[in-house]
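These notes concern the structure reproduced below.
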Amino acid sequence: MELIHPTVSTYLNQLAYHGHPVLTEMEARAQAEGFPIVGPVVGRICYQIARMIGARRVFELGSGFGYSTFWFARAVAENGGGEVHHTVWDEALSRDARDYLRRAGLDHIVRFHVGEAVAALQEARGSFDLIFNDIVKRQYPASLAVIKEKLRVGGVLIVDNMLWNGRIFDEHDASEATQGVREATRQLFTDKDFIATLLPVHDGLVVALRV
Ligand SMILES: C[S@@+](CC[C@H](N)C(=O)[O-])C[C@H]1O[C@@H](n2cnc3c(N)ncnc32)[C@H](O)[C@@H]1O
């Protein structure tokens, strides 16, 4: 399903052009492998939000080979330093992320965890300024309780794929993933501890302030 008009999509991608060689390499890999990175438009939004709130402690759930991690790590470095937690349950992806981020000069900011992301967040010490959620969608609803506990008041939660390529609108789709996206959306928009907005960019991005 085409969620965004192709002309708008092309325009947004042009505006988000970064020219960074390591990011460009990661984008080419994602394209070649069909790997679902957030892409430059969402990457830039993540970077900008992290800059806007002066984030020093960021936790990412489901980090793949580190594309979104790059944007958060760049923001945290420019905010004066801190830590970005990269989580993925695949050892090889974690290794690749280390390599990309080292070559981008950002690995000193990143803490790498190989394993289940929500469990890693539960075990992490302290609270976070920003949490980014991009794990398997069936896990979205259950992850929110842990996220809420670990996100400081005034912090921001960003959740990817909240339009789920339009599958949320298909009333015949009752798959665990689609139901997970619907239920997480319902929770975030009814929970008085969050002010949530769904941005129709890429595959739908929820940005929620923890209040
Ligand atoms: C959508 S991709 C992440 C893309 C990344 N955010 C980016 O834009 O570069 C999700 C990745 O996290 C992994 N993953 C999904 N759910 C996970 C979980 N609960 N714990 C750890 N890794 C998970 C997937 O196998 C995949 O490698």
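All values below were derived from every heavy atom in this structure, side-chain atoms included, with hydrogens, water molecules and symmetry-related copies excluded. Indexing begins at 1, ligand by ligand and atom by atom, following the structure's order. Treat the numbers as computed from the prediction; the structure is a model and nothing was measured.
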**hydrophobic_cluster_shared for L3 and V181, side chain cutoff 4.5 Å** = yes
**Request:** In plain terms, say whether D99 and R103 are close enough for a salt bridge, that is, a side-chain N and a carboxylate O under 4.0 Å apart.
**Result:** yes
**Item:** Near ligand 1, at a heavy-atom separation below 4.0 Å: residues by chain and residue number
**Value:** F35, P36, I37, V38, G62, S63, G64, Y67, S68, V88, W89, L93, G115, E116, A117, F132, D134, I135, V136, Q139
**Request:** Decide whether D170 and T178 meet the rule of one side-chain donor and one side-chain acceptor closer than 3.5 Å.
**Result:** no
**Prompt:** Any luck finding a side-chain donor-acceptor pair between E27 and Q31 under 3.5 Å?
**Reply:** no
**Asked** Take atom CD in E78; do more than 12 heavy atoms of anything else shown fall under 6.0 Å from it?
**Response** yes
**Centroid-centroid distance, F70 to Y100, less than 6.0 Å** = no
